[in-house]
Amino acid sequence: MSDEAHEAQDSPNLDFAGTTPYEDYVQADVLTHLQHLRSNDPGEMVFLVTTQVMELWFTVIVHEWETAARALREDDVPVAVAALKRSVRELEALNHSWRPLGQLTPAQFNSYRGALGEGSGFQSAMYRRMEFLLGDKSASMLVPHRGAPRVHAELEKALQEPCLYDEVLRLLARRGHAVPAAVLERDVSLRYEPSPEVEAVWTALYSGDQDDELARLGEALTDVGELVWRWRNDHLVATRRAMGSKTGTGGSAGVAWLEKRAAKNVFPELWTARSHV
């Protein structure tokens with residue numbers, strides 16, 4: 001067989017009817033034409049694409065945490081832990097998304113900040129679903145989305161459903177651990193508040209067999225909680241570098257709001273229990 005024939009045999013198929021199968025699956029043409037710049041500053045493209053990438057990571061992480069919550073309802077701890085571990089790698093990638101923006105000077109950010117108008121990451125519906133799954137809930141957070149019926153309905157549904165940690169605590173109760181009724185029967189549309197009794201449950205679990213699947217579940221949740229804390233702090237630092245203590249876009253409190261958020265831990269008893277082991 002000639003060299004030309006061998007080359008033809010080894011070459012990928014290049015001729016497709018319509019678009020390529022890759023395009024049909026990934027929708028790359030859609031993704032790469034979603035950038036509608038509002039200024040002439042070259043830095044705006046980096047800001048916009050990075051923000052869009054963050055939204056995609058939010059979407060993946062919500063999928064993982066909803067998978068974990070569903071598995072916990074079905075008493076399938078291995079499936080839940082696998083989803084949480086995947087989300088840890090995804091949170092790491094999400095957190096690295098700050099790097100293109102983390103070195104912005106005030107002058108660089110101000111060169112296209114006006115193009116944002118009243119737009120703010122505070123208004124991200126998918127990030128709000130992440131926060132709701134972590135137990136940080138407030139009905140007031142639905143208000144910005146009243147003009148988008150589908151988004152508002154999805155957030156309202158998430159508000160009324162048990163968060164990921166609720167499902168963990170219900171599982172612990174089914175396994176015979178002394179999670180109080182007040183925690184199990186709480187209004188799940190409200191922010192989760194720490195419980196000394198839940199802290200005692202985690203203390204007992206961490207004082208026992210470290211290979212127990214519930215202890216491993218606790219560690220998977222702790223990994224998630226640590227990276228959520230790092231995300232909030234990286235957001236705080238990037239914002240502080242870019243705009244100092246000025247009011248945030250969309251009228252948010254900017255750094256002051258982010259400082260308050262960064263001071264909070266998710267899955268709080270998993271952190272406080274460590275002092276008693």
Side-chain angles (χ1 to χ4, degrees), residues 50-51 53-66 68-69 72 80-81 83-104 120-122 124 126-138 141 158 163-169 190-196 198-199 201-203 205-206 215-243 245 248 252-277:
T50 301
T51 303
V53 168
M54 288 178 177
E55 286 291 334
L56 291 173
W57 281 125
F58 296 160
T59 303
V60 176
I61 293 164
V62 164
H63 169 76
E64 300 288 21
W65 292 349
E66 288 179 342
L72 291 167
V81 169
L84 291 171
K85 286 184 174 180
R86 286 195 302 271
S87 80
V88 165
R89 294 190 290 271
E90 293 147 10
L91 281 162
E92 288 172 342
L94 170 64
N95 290 0
H96 277 96
S97 298
W98 283 117
R99 290 193 173 183
L101 305 179
Q103 303 297 311
L104 283 175
S120 167
F122 179 80
S124 168
M126 195 56 71
Y127 182 71
R128 193 58 50 202
R129 283 179 63 180
M130 279 181 59
E131 293 279 3
F132 282 3
L133 278 163
L134 292 170
D136 197 348
K137 294 185 176 182
S138 170
M141 294 303 179
C163 70
L164 174 61
Y165 198 47
D166 287 321
E167 298 294 1
V168 170
L169 298 181
L190 301 178
R191 179 181 290 108
Y192 178 81
E193 298 295 341
S195 158
V198 170
E199 180 185 273
V201 169
W202 285 117
T203 300
L205 280 168
Y206 273 105
R216 293 200 302 272
L217 172 62
E219 282 302 275
L221 290 165
T222 304
D223 288 340
V224 167
E226 177 181 336
L227 286 166
V228 169
W229 179 83
R230 291 184 186 279
W231 158 267
R232 291 174 175 176
N233 275 273
D234 287 351
H235 189 182
L236 169 62
V237 172
T239 303
R240 186 179 282 151
R241 280 193 70 142
M243 54 182 282
S245 60
S252 68
V255 164
W257 168 262
L258 296 175
E259 285 175 337
K260 183 179 178 181
R261 305 288 297 151
K264 295 183 178 180
N265 283 320
V266 296
F267 318 136
E269 298 93 346
L270 275 165
W271 299 95
T272 56
R274 286 165 154 72
S275 300
H276 308 294
V277 177

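It should be emphasised that the depicted structure is a prediction, and the values quoted were computed from it without experimental measurement. Hydrogens, waters and symmetry mates play no part in the numbers below; they use all other heavy atoms, side chains included.
Using a 4.5 Å heavy-atom threshold, the side chains of Glu199 and Pro194 count as separate. Taking 4.5 Å as the limit, some side-chain heavy atom of Glu131 sits within range of a side-chain heavy atom of Arg261. No side-chain heavy atom of Trp57 sits under 4.5 Å from any side-chain heavy atom of Met126. When side chains are defined from C-beta on, Asn233 does not count as touching Arg230, because their heavy atoms never get closer than 4.5 Å. Put simply, the side chain of Arg232 does not reach to within 4.5 Å of the side chain of Leu258, judged on heavy atoms. Side-chain contact between Glu55 and Phe58: present, with at least one pair of heavy atoms (C-beta onward) separated by less than 4.5 Å. With contacts defined as side-chain heavy-atom distances shorter than 4.5 Å, the pair Leu221/Leu164 qualifies.
Residues passing the side chain to side chain donor-acceptor pair (under 3.5 Å) test with Tyr192, sequence neighbours excluded: Glu269. Listed by chain and residue number, nothing satisfies the salt bridge (charged side-chain N to carboxylate O under 4.0 Å, His left out) test with Glu92 (two or more places apart in sequence, or in another chain).
Of all heavy-atom pairs spanning Lys137 and Phe132, the tightest one is CE-O, 3.3 Å. A pairwise comparison of heavy atoms in Tyr206 and Glu219 identifies OH-OE2, 2.6 Å as the closest pair. Of all non-hydrogen atoms in Ser87 and Trp65, the two that sit nearest each other are OG-NE1, 3.0 Å. Ala262 approaches Trp229 most closely through the heavy-atom pair O-NE1, 3.2 Å. The two atoms that bring Thr50 and Ser97 nearest to each other are CG2-O, 3.1 Å, heavy atoms only.
The environment of Lys260 atom NZ is sparse: at most 12 non-hydrogen atoms of other residues, nucleotides or ligands sit within 6.0 angstrom. Heavy-atom neighbours of Arg274 CZ from other residues, nucleotides or ligands within 6.0 Å: above the threshold of 12.
With respect to Arg89 and Glu64, no salt bridge is recorded, no charged nitrogen being found less than 4.0 Å from a carboxylate O. Checked for salt-bridge contact, Asp136 and Lys264 miss the test: no charged N lies under 4.0 Å from a carboxylate O.
Atom CD of Glu66 sits about 12.5 Å away from atom CD1 of Ile61, to the nearest 0.5 Å. Summarising the geometry, atom CG belonging to Asp166 is positioned 11.0 Å from atom CG belonging to Leu72; distances are rounded to the nearest 0.5 Å. A distance of 5.5 Å separates CG in Asp234 from CG in Asn95, rounded to the nearest 0.5 Å. Interatomic distance, Leu104 CG to Met243 CE, rounded to the nearest 0.5 Å: 12.0 Å. Atoms CD and CG, from Glu259 and Leu236 in turn, are 5.5 Å apart once rounded to the nearest 0.5 Å. For the atom pair CG (Leu91) and CE (Met130), the distance works out to 5.5 Å, reported to the nearest 0.5 Å.
Using bins of under 30°, 30° to 60° and over 60° for the plane-to-plane angle, the ring pair Trp231/Trp98 lands in the tilted bin.
For Asn265 (side chain) and Gly225 (main-chain N/O), no donor-acceptor pair under 3.5 Å exists by modelled atom type.
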Item to check | Residues Leu217, Leu84; criterion side chain to side chain contact (heavy atoms under 4.5 Å, CB included); working and verdict | outcome: CA-CA 9 Å; Leu217 172 62; Leu84 291 171; 3.8 Å; yes
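Among the candidates Val168, Thr222, Leu134, the single residue satisfying the side-chain contact (heavy atoms from CB on, under 4.5 Å) test with Phe267 is Leu134.
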